[in-house]
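Positions are given from 1 along the sequence.
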Amino acid sequence: MSFPLLTATAALPAIGAIATAAVPATQRTAAKWLALLVSVATLVLAVVVLVRFDPDGDRYQLTESHAWIADFGVRYELGVDGIGVALIALTALLIPFIILAGWHDADPLETGSRRWRPTQGFFALILAVEAMVIISFEATDVFLFYIFFEAMLIPMYFLIGGFGDRAHQHGEKAAATQRSYAAVKFLLYNLAGGLVMLAAVIGLYVVAGNFSLTEIAEARANGSLEMSTSTERWLFLGFFLAFAVKAPMWPLHTWLPNAMQESTAPVAVLITAVVDKVGTFAMLRFCLQLFPEASKWATPAIMVLAVISIIYGALLAVGQRDIKRLIAYASISHFGFIIMGIFAMTSQGQSGATLYMVNHGISTAALLLVAGFLISRRGSRLIADYGGVQKVAPVLAGTFLIGGLATLSLPGLAPFVSEFLVLVGTFTRYPVIGVIATFGIVLAALYTLVLYQRTMTGPLRPELARMPDLRVREIAVAAPLIVLLVFLGVYPKPLTDIVNPAVKQTMSDVQQKDPRPEAEAAK
């Protein structure tokens with residue numbers, strides 16, 4: 001039997017989480033280094049997966065299949081397509097930077113508080129989330145996917161509620177209350193979506209007799225498994241609702257701003273750049289592949305909700321006074337673009353959506369982590385408490401600007417390619433939706449440039465006169481992300497070569513072809 005590479009990629013951070021949690025309480029630095037080394041080793045395995053994956057080969061590669069709960073048709077089945085490989089690479093890439101950026105976020109409080117921040121637990125929980133996210137991208141058994149789709153909520157709950165942002169304007173007691181509220185809201189929203197999905201998973205088993213994604217999809221394609229129209233639509237809605245909460249999509253988004261605001265910056269990156277991608281990924285893998293007719297039936301409504309997410313998120317970002325809430329609402333807008341690209345049912349739209357998942361992860365990580373460095377220096381998340389930072393911290397201001405420009409999809413930076421493809425794919429089938437969505441780009445330029453202007457330019461506030469610039473550890477976090485944004489913005493071909501064959505197969509699942517350009521159709 002060949003080496004179980006996919007299992008190893010998910011198991012390594014899980015074992016690392018246990019080992020990190022077991023480090024003695026007095027050895028905080030050792031726990032940090034252990035977590036960092038495990039995350040780097042996981043990245044190496046993810047690179048091996050990426051190298052061994054053949055975009056022109058079988059749809060699902062490096063597959064593993066073992067009996068698990070045979071009486072109920074549950075198997076331990078793993079496999080990756082181009083979309084899954086890209087997102088595994090993104091996850092494994094970001095976790096070392098998240099750990100490095102949060103190096104001191106869980107150190108003991110030394111301001112008179114008796115509350116202990118268990119350093120080992122903080123880094124162990126991050127590794128546990130990484131393991132669950134990676135196996136979610138690998139699972140080709142619906143029940144296996146569901147288990148980890150829900151299980152990742154537990155470590156995320158403790159990361160949000162137990163390790164909140166220290167930059168709170170209303171004292172420790174109020175901060176603890178707000179963290180608890182944000183964590184519970186995150187958990188309740190996602191659990192509610194997950195319970196609806198559980199009912200749909202059970203319904204799928206009743207109809208299909210097993211949980212294998214590949215077997216069910218193949219049976220649907222060759223006509224050996226028939227679903228009534230109403231059954232397929234109800235099952236689709238059960239899956240889609242859970243994914244829309246996780247994504248998050250308007251109007252199921254309200255947990256995200258609270259969770260990101262109250263989390264440390266690295267945990268906020270973990271939420272929006274890693275965990276939330278499971279929702280949009282699952283729309284492509286499960287909704288479209290298992291329920292192709294229902295997906296087409298729901299597309300008009302989903303496109304409307306997606307464009308509302310784009311405009312709504314951007315408008316609310318413009319009016320925010322809190323830096324992290326602004327980035328949270330900007331992410332809601334960006335997820336609207338991703339969902340719009342998926343359900344445009346064009347190869348350009350779905351390729352753009354997949355690229356957007358990767359590029360949004362990198363750009364949001366760059367912007368949010370640098371924002372976290374800024375906030376930790378001033379002790380405030382309020383935009384009004386800043387001004388003239390570029391005069392004393394030019395490297396911090398420069399990296400913040402590049403992260404912001406990537407967020408507004410400036411040509412030459414990675415998110416531009418994604419957004420362009422999404423809009424092209426949308427225009428060809430839903431021109432009105434495409435026109436409305438372009439206003440999100442204008443609003444993105446507004447909230448990003450206003451944020452930079454108010455924090456980095458203008459007169460230097462006296463209390464910021466001694467603000468230090470980025471340190472070596474912080475530059476080690478920001479610089480590689482900036483390099484990636486530029487590289488993938490100028491040369492996205494390595495990523496598109498991996499993604500495009502998987503997108504073509506997804507288009508085949510829903511039996512859709514790209515609309516002919518009007519000029520060609522007129523000939």
Side-chain angles (χ1 to χ4, degrees), residues 86-87 89-98 100-102 126 129 133 156 165 246-249 253 256-257 259-261 263-281 309-310 313-314 316-317 320 322-339 352-375 381 399-410 413-419 422 440-441 443-445 447-448 451-452 477-486 488-489:
L87 293 174
L90 170 69
T91 302
L93 172 72
L94 291 182
I95 296 299
F97 296 119
I98 289 172
L100 202 55
I126 290 175
V129 172
V133 169
M156 285 307 308
D165 193 346
K246 185 86 78 179
M249 185 179 76
H253 67 284
L256 182 67
M260 287 184 62
Q261 175 181 298
S263 301
T264 64
V267 172
V269 171
L270 191 63
I271 295 170
T272 190
V274 177
V275 172
D276 288 354
K277 298 300 186 299
V278 178
T280 46
F281 162 80
S309 293
I310 293 169
L316 264 66
Q320 292 304 308
D322 183 296
I323 295 174
K324 288 202 291 186
R325 284 186 73 89
L326 185 152
I327 298 172
Y329 280 109
S331 290
I332 292 169
S333 181
H334 296 148
F335 274 102
F337 276 107
I338 294 171
I339 296 170
T354 305
L355 293 180
Y356 216 133
M357 291 185 226
V358 176
N359 294 332
H360 172 263
I362 299 171
S363 62
T364 299
L367 179 62
L368 194 48
L369 291 178
V370 175
F373 299 148
L374 176 69
I375 291 167
R381 300 190 303 256
T399 53
F400 190 80
L401 176 61
I402 296 173
L405 292 176
T407 298
L408 64 82
S409 299
L410 183 77
L413 297 176
F416 169 76
V417 181
S418 322
E419 203 162 274
V422 167
I441 302 174
L443 293 171
Y447 62 68
T448 300
L451 172 63
Y452 182 83
V477 171
L481 297 174
I482 299 300
V483 170
L484 271 174
L485 287 173
V486 175
L488 292 176

Legend entry - Rounded distance [0.5 Å steps], CG in L485 versus CD1 in I362: 6.0 Å

Inset, instruction - Could you check I98 against V267 for side chain to side chain contact (heavy atoms under 4.5 Å, CB included), going step by step and ending with a plain yes or no? - result: CA-CA 8 Å; I98 289 172; V267 172; over 6 Å; no

Legend entry - From K324 atom NZ to L368 atom CG, the distance as rounded to the nearest 0.5 Å: 7.0 Å

Inset, instruction - State, yes or no, whether a side-chain contact exists between D322 and P257 at a heavy-atom distance under 4.5 Å. - result: no

Inset, instruction - Only counting residues at least two apart or in another chain, list the ones meeting side chain to side chain donor-acceptor pair (under 3.5 Å) with T364. - result: H360

Legend entry - Atom pair NE2/CD1 of H334 and I327 - distance to nearest 0.5 Å: 10.5 Å

Inset, instruction - Check whether any side-chain heavy atom of R325 sits under 4.5 Å from a side-chain heavy atom of M260, and report yes or no. - result: no

Inset, instruction - Report the distance from atom CG of L488 to atom CG of L355, rounding to the nearest 0.5 Å. - result: 8.5 Å

Inset, instruction - In sequence, state the C-alpha distance, the side-chain angles, and the governing distance for S363 and Y356, and then conclude on side chain to side chain contact (heavy atoms under 4.5 Å, CB included). - result: CA-CA 10 Å; S363 62; Y356 216 133; over 6 Å; no

Inset, instruction - Start with the C-alpha distance between F97 and V269, add both sets of side-chain angles, then the distance that settles side chain to side chain contact (heavy atoms under 4.5 Å, CB included), and finish with yes or no. - result: CA-CA 10 Å; F97 296 119; V269 171; over 6 Å; no

Inset, instruction - Would you name the heavy atoms of I323 and L374 that are closest together and state the gap between them? - result: CD1-CD2, 4.3 Å

Inset, instruction - Starting at CD1 of I402, measure out to CD1 of I482 and round the result to the nearest 0.5 Å. - result: 4.5 Å

Inset, instruction - Write down the atom of T448, the atom of L405, and the distance for their closest heavy-atom approach. - result: CG2-N, 4.2 Å

Legend entry - Validation row: F335, P248 side chains within 4.5 angstrom (heavy atoms): yes

Inset, instruction - Would you check if the side chain of S333 reaches a backbone N or O of I310 as a donor-acceptor pair within less than 3.5 Å? - result: yes

Legend entry - Shortest non-hydrogen contact between T399 and A478, atoms and distance: CG2-CB, 4.3 Å

Inset, instruction - Could you pull out the closest heavy-atom pair between L94 and A365, with the gap in Å? - result: CD2-CB, 3.8 Å

Legend entry - Listed partners of F400 passing ring pair (Phe, Tyr, Trp, His ring centres under 6.0 Å), at least two apart: none

Inset, instruction - Test Y447 against every option in L316, L326, L408 by the side-chain contact (heavy atoms from CB on, under 4.5 Å) rule and name the one that passes. - result: L326

Legend entry - Straight-line distance of N359 CG to T354 OG1, nearest 0.5 Å: 10.5 Å

Legend entry - Q320 and Y329: side chain donor to acceptor below 3.5 Å: no

Inset, instruction - Please report the shortest heavy-atom distance between T272 and S331, naming the atom on each side. - result: OG1-OG, 3.3 Å

Inset, instruction - Identify the heavy atoms of V422 and F337 that sit nearest to each other, and give their distance. - result: CG1-O, 3.4 Å

Inset, instruction - Decide yes or no for I271 and S263: does some side-chain heavy atom of the first lie under 4.5 Å from some side-chain heavy atom of the second? - result: yes

Inset, instruction - Taking the side chain as every heavy atom from C-beta outward, state whether D276 and L256 have any atom pair closer than 4.5 Å. - result: yes

Inset, instruction - Would you check if P266 and L369 make a side-chain contact, meaning some heavy-atom pair closer than 4.5 Å? - result: yes

Inset, instruction - Ignoring hydrogens and angles, tell me if any N or O in the side chain of K246 forms a donor-acceptor pair with the backbone of T280 under 3.5 Å. - result: no

